Peer 1: 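What follows is a single structure, and I will ask about it in a moment.
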Amino acid sequence: MLQGLQAVVHGEVELELINSAHTNFLLLRQLFMQAEKWYLKLHTDISELENRELLEQVAEFEKAEFSSSNKKANTEMIKPKLAPLFESGPSELLNKEISRLQEENDKLKARLKTIEYQATSALGDKIKAESALKDLQKVQDNQKAKQNTQDINILEKTMADLKCDFEKTVNDHTVSQKYLEDNLASTKHELLRVQEQLSSAEKELEKKFQQTAVYRNMKDILTKKNDQIKDLRKRLQKYEPED
């Protein structure tokens, strides 16, 4: 019977150790994947695994956790809690920067719409002026066959004046259109820059959320494993010979 119990206990302990190793592997895998996502460089020192001082500190932490499990209610009342993420510190500054970038982004979008409207209006005026010139040229062709020389000279003079005015108008519109196009390109570049800054700030905020979640997950896993090890020790003590 004792041999059977010994085999059962040995199997249970071995299974728990294997599950603990697998759980640690999955936890490290999550940390490495997050570090790779944020282009972080991790450095490990294998010699620290044999540091007796650190091992003793881990043992003391384990004893403290086990001894405090009997006073769980009192410990939870005394245990400090993390401050909210958005109250103060870098998170507050990051949120203010995001708000400022969003406001600047909205202003640039409104400015871009205004410039696009002005460019469209200038192009429409240019098209209207070209159409009016073509109509006048058609009228001139029709009038040449019906009007006398004086009327033709007056009409030609009028057409020359209109042509000069048209060329001046076209030149003015061309300069204005070029200025609007340059201003439009500059505004688009500025908008892209602000959007890039906004995206970086949002990624930084997301990183802080993920780091907080990792801390809570690690704490929950450590507490759960400590409870499991304590339960196994209690079960083993039932089969140990009494002095």
Side-chain angles (χ1 to χ4, degrees), residues 1-95 98 200-243:
M1 183 183 296
L2 290 177
Q3 290 179 353
L5 291 175
Q6 181 181 4
V8 172
V9 173
H10 182 273
E12 289 291 334
V13 173
E14 183 179 5
L15 180 61
E16 287 298 327
L17 291 176
I18 292 174
N19 290 336
S20 178
H22 292 174
T23 303
N24 291 333
F25 170 78
L26 294 177
L27 179 61
L28 290 175
R29 181 174 178 269
Q30 292 180 5
L31 294 177
F32 292 155
M33 290 177 65
Q34 292 183 10
E36 182 180 2
K37 179 180 179 181
W38 295 104
Y39 302 99
L40 299 178
K41 294 183 179 180
L42 302 179
H43 300 281
T44 57
D45 188 359
I46 305 300
S47 63
E48 292 293 332
L49 299 178
E50 300 179 357
N51 191 327
R52 298 300 304 174
E53 181 179 356
L54 294 178
L55 292 175
E56 291 176 358
Q57 291 178 3
V58 173
E60 291 178 359
F61 172 77
E62 184 179 359
K63 291 179 180 179
E65 287 292 326
F66 287 156
S67 62
S68 64
S69 61
N70 296 327
K71 302 178 181 179
K72 186 175 181 181
N74 295 332
T75 304
E76 290 179 353
M77 294 176 61
I78 301 174
K79 188 180 296 182
K81 297 182 179 180
L82 293 176
L85 184 61
F86 295 99
E87 286 189 355
S88 62
S91 299
E92 182 180 4
L93 297 177
L94 185 60
N95 288 327
I98 290 176
S200 299
E202 290 176 349
K203 288 181 179 179
E204 184 67 19
L205 183 59
E206 182 181 358
K207 177 182 177 182
K208 289 182 177 297
F209 274 111
Q210 291 179 351
Q211 289 177 347
T212 304
V214 169
Y215 174 78
R216 290 198 299 267
N217 290 336
M218 290 178 64
K219 183 66 176 180
D220 293 339
I221 291 173
L222 181 59
T223 303
K224 182 178 180 181
K225 290 304 174 184
N226 287 334
D227 294 337
Q228 292 178 353
I229 294 173
K230 180 183 177 183
D231 182 66
L232 287 175
R233 287 185 175 180
K234 288 182 178 180
R235 292 169 62 183
L236 287 172
Q237 289 175 358
K238 293 179 180 180
Y239 302 102
E240 290 179 359
E242 298 180 358
D243 294 338

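In this chain, residues are counted from 1 in sequence order. Worth saying up front: this structure is predicted, and the values here are computed from it rather than measured.
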Peer 1: What pairs with Gln228 under side-chain hydrogen bond (donor to acceptor under 3.5 Å, both in side chains), at least two apart in sequence or on another chain?
Peer 2: Lys225
Peer 1: As an exercise, state the distance from CE of Met33 to CD of Glu36, rounded to the nearest 0.5 Å.
Peer 2: 7.5 Å
Peer 1: I'd like to know if the side chain of Asn19 and the backbone of Leu15 have a donor-acceptor N/O pair within less than 3.5 Å.
Peer 2: yes
Peer 1: Kindly write out the residues that satisfy side-chain contact (heavy atoms from CB on, under 4.5 Å) with Leu55, not counting sequence neighbours, or none if the list is empty.
Peer 2: Arg52
Peer 1: Please round to the nearest 0.5 Å and tell me the distance separating atom OG1 of Thr23 and atom CG of Leu28.
Peer 2: 11.0 Å
Peer 1: Distance from Phe25 atom CZ to Arg29 atom CZ, nearest 0.5 Å?
Peer 2: 6.5 Å
Peer 1: Counting heavy atoms not belonging to Gln57, are there more than 12 under 6.0 Å from its CD?
Peer 2: yes
Peer 1: Applying side-chain hydrogen bond (donor to acceptor under 3.5 Å, both in side chains), name anything that partners Asn51, two or more places apart in sequence or on another chain.
Peer 2: Glu48
Peer 1: Any chance you could measure Lys230, atom NZ, to Arg233, atom CZ, to the nearest 0.5 Å?
Peer 2: 11.0 Å
Peer 1: Out of curiosity, Leu222 CG to Asn24 CG, how far, rounded to the nearest 0.5 Å?
Peer 2: 9.5 Å
Peer 1: List the residues meeting side-chain contact (heavy atoms from CB on, under 4.5 Å) with Glu60, not counting sequence neighbours, and say none if there are none.
Peer 2: none
Peer 1: Sequence neighbours left out, what passes side-chain contact (heavy atoms from CB on, under 4.5 Å) with Leu26? Give chain and number order.
Peer 2: none
Peer 1: The criterion is side-chain contact (heavy atoms from CB on, under 4.5 Å); which residues satisfy it with Glu12, sequence neighbours excluded?
Peer 2: Val8, Arg235
Peer 1: How long is the gap from CG on Asn226 to CD1 on Ile221, to the nearest 0.5 Å?
Peer 2: 12.0 Å
